Trainee: 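Structure in structure tokens, see below.
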Amino acid sequence: MLIRKMIEGDLAEVCSIEQETFSDPWSEEDFCNSMREANNTYLVVEIEGMIAGYCGYWGICEEGYIYNVAVKKEFRRHHIGYQMLKELINDAKSRGIASLTLEVRISNEPAILLYEALGFERAGIRKDFYTKPKESAVIMWLKAIQQFPL
Ligand SMILES: CC(C)(COP(=O)(O)OP(=O)(O)OC[C@H]1O[C@@H](n2cnc3c(N)ncnc32)[C@H](O)[C@@H]1OP(=O)(O)O)[C@@H](O)C(=O)NCCC(=O)NCCS
């Protein structure tokens, strides 16, 4: 398993996972534009030449906002999401970021359990944050990431 920075050549595979995973998927253009922003970092997990998962965050003013977390269906429950986010946290640490936050659908137990396994804590609810279908979000934070064990 190789965890590395996402490149534009990954986007066809990334978008295919994005489409099979989310009801409101990002397009290749969305990813391209976001990847070009200096404050944004995207990682992919590569297994035997295939993209198995990806994640990204926007880091600014000592805070990082995580989005686009997904693992391809057939690769789930093999700690890929955990390893990938651990790498993202280490990347954020190396950039001097102090804390990370994200939103997750309130019914998305697998993701909430993954984030909790990494030390994220629930900090509140954003009512009706999502569409397709309409649903509230749980806001989660991982504070003091500089103390996060490597
Ligand atoms: C959420 C997601 C990224 C998890 O990826 P994954 O690689 O399967 O997760 P991991 O194998 O690293 O799981 C790590 C821990 O998270 C928890 N977890 C993950 N998936 C779980 C599930 N389906 N049921 C219960 N616990 C789960 C467990 O504590 C697990 O540790 P364990 O296997 O030792 O019990 C994946 O399910 C996914 O892509 N879902 C669709 C997209 C999505 O919801 N993204 C998040 C948007 S905010």
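Because the structure is a prediction, the values reported are computed rather than measured. Each ligand, and each atom within it, is numbered from 1 in the order the structure gives.
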Trainee: Is a donor from one side chain sitting under 3.5 angstrom from an acceptor on the other, for Ser23 and Tyr130?
Mentor: no

Trainee: Check whether the side chains of Ser136 and Arg105 place a donor and an acceptor atom closer than 3.5 Å, and report yes or no.
Mentor: no

Trainee: Heavy atoms under 4.0 Å from ligand 1: which residues qualify?
Mentor: Thr21, Phe22, Val69, Ala70, Val71, Arg76, Arg77, His78, His79, Ile80, Gly81, Tyr82, Glu103, Val104, Asn108, Pro110, Ala111, Leu113, Leu114, Tyr115

Trainee: Answer yes if the side chains of Ser107 and Glu135 hold a donor-acceptor pair under 3.5 Å, and no otherwise.
Mentor: yes

Trainee: Taking everything shown except Gln146 itself, do over 12 heavy atoms lie less than 6.0 Å from its CD?
Mentor: yes

Trainee: Before accepting this row, confirm whether a basic side-chain N of the pair Asp91/Lys86 lies closer than 4.0 Å to the acidic partner's carboxylate O.
Mentor: no

Trainee: If you measure only the distance, is there a donor-acceptor pair under 3.5 Å linking the side chains of Glu103 and Tyr67?
Mentor: no

